[in-house]
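Read the numbers this way: they start at 1 and go in the same order the structure lists the ligands and their atoms.
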Amino acid sequence: LSNSLSFLSIMVRKFVVGGNWKMNGDKATIDGIVGFLNAGAPYNNVEVIVSPPAPYLLYAKEKLNEGVLVAAQNCYKVAKGAFTGEQSPAMLKDIGLKWVIIGHSERRHVFGESDSLTAEKTQHAIAEGLSVIFCVGEKLEEREAGHTKDVNFRQLQALVDLKVDWSKVVIAYEPVWAIGTGKVASPAQADEVHKWIREFLAQKASPEVAEQTRIIYGGSVTADNCVELGKLGDIDGFLVGGASLKPDFVKIINARN
Ligand code: 13P
């Protein structure tokens, strides 16, 4: 019975693969990325979401096959106003986007965004009708000190405190030590944290939320390691950085196919 239940949950949670381009690309390289992404479409049994830098959101969206969705890499927590350099969910919706990434470790650790700010942004983005890829993850020193569970739970608790609608959230577990380092989490390491997060959702939200919420893994995902990670029942997809700029990204999209 438990085997068929986990099979069922895989069916309930559509595999989702995001490509976070970070602050990379120009029109010429984006043309190349669009070329291999469109050539690989249509994608079956998998949702594909790419996230170009803000100046290229519309450029990429207009060139990409309709089946490839576009997410912003960030947004602010209010609709408009005197917030130089920011963009609002209302604006993202206005240009036809449905997704935004919030709480990426680079936003948290390079730009100093707090748990409460990331939660407020998430709440506002959802209220404005967007879905959110919400990133969590521990730093190396936190893992080595045995705080992995605490750190991930603390980052998620900020969403619980604001009573966010989990049906609009994909959780991306991205251990900071694995991002851009070539040191991918082992399947056992990723599986352990994904299971903790699902237990957290069961306790803090409901068993249904735990069953239905997609938890994806990010951090040095490549065409070589994605198949093994993608076999795990609690890994519902990936958030890919460096490898999402290369044709291999199509292999990662198809990791479960
Ligand atoms: P890399 O895949 O380059 O390690 O980056 C992961 C990431 O930060 C995706 O958001």
Side-chain angles (χ1 to χ4, degrees), residues 15-25 29-30 32-33 36-37 46-54 56-57 60 68-75 92 97 99-113 115 118 121-122 125 130-140 142-143 148 151-152 155-156 169-187 189-190 193-194 197 214-230 232 235-255:
F15 206 66
V16 52
V17 176
N20 176 9
W21 299 356
K22 309 193 179 186
M23 198 172 75
N24 293 298
T29 51
I30 290 171
I33 296 170
F36 67 69
L37 279 172
V46 55
E47 213 167 336
V48 183
I49 309 173
V50 295
S51 194
Y56 301 112
L57 284 166
V68 178
L69 302 178
V70 174
Q73 294 176 14
N74 182 33
C75 68
L92 301 177
L97 304 194
W99 286 89
V100 60
I101 299 173
I102 294 179
H104 191 277
S105 81
E106 288 140 23
R107 299 302 318 172
R108 292 176 186 270
H109 303 304
V110 181
F111 301 101
E113 292 187 3
D115 293 340
T118 59
K121 289 175 170 196
T122 302
L130 295 179
S131 293
V132 175
I133 298 176
F134 185 79
C135 306
V136 296
E138 79 287 354
K139 296 191 219 170
L140 182 60
E142 292 166 333
R143 173 166 282 263
T148 298
V151 170
N152 284 284
Q155 292 172 345
L156 290 167
V169 177
V170 166
I171 297 170
Y173 169 55
E174 299 206 299
V176 181
W177 48 270
I179 295 177
T181 59
K183 278 193 190 175
V184 64
S186 68
Q189 283 172 320
V193 178
H194 282 231
I197 293 174
R214 290 174 293 180
I215 307 171
I216 63 179
Y217 169 79
S220 297
V221 174
T222 63
D224 291 332
N225 59 35
C226 67
V227 173
E228 205 183 348
L229 286 163
L232 295 167
I235 295 189
D236 305 310
F238 302 112
L239 188 55
V240 184
S244 74
L245 302 168
K246 302 182 192 134
D248 262 5
F249 186 53
V250 173
K251 292 187 193 155
I252 301 174
I253 292 170
N254 291 314

Can His104 and Glu174 be counted as having a side-chain donor-acceptor contact under 3.5 angstrom? yes
Donor + acceptor pair across side chains of Tyr217, Gln189 (<3.5 Å): no
Residues Trp177 and Thr181: closest non-hydrogen pair is O-OG1, 2.8 Å
Smallest heavy-atom separation, Leu229 atom then Pro187 atom, equals CD2-CA, 3.8 Å
For ligand 1, run through the N/O pairs with the protein that fall under 3.5 Å and put one pair on each line.
residue	atom	partner	partner atom	Å
ligand 1	2 (O)	Gly241	N	2.9
ligand 1	3 (O)	Gly242	N	2.8
ligand 1	4 (O)	Gly180	N	2.6
ligand 1	4 (O)	Ser220	N	2.8
ligand 1	5 (O)	Lys22	NZ	3.3
ligand 1	8 (O)	Lys22	NZ	2.8
ligand 1	8 (O)	His104	NE2	2.7
ligand 1	10 (O)	Asn20	ND2	3.0
ligand 1	10 (O)	His104	NE2	2.9
ligand 1	10 (O)	Glu174	OE1	3.1
ligand 1	10 (O)	Glu174	OE2	3.0

Test item: Asp236 side-chain N/O and Ile215 main-chain N/O as donor-acceptor pair under 3.5 Å: yes
So, using side-chain hydrogen bond (donor to acceptor under 3.5 Å, both in side chains) as the criterion, who are the partners of Thr222 when residues are at least two apart? Asn225
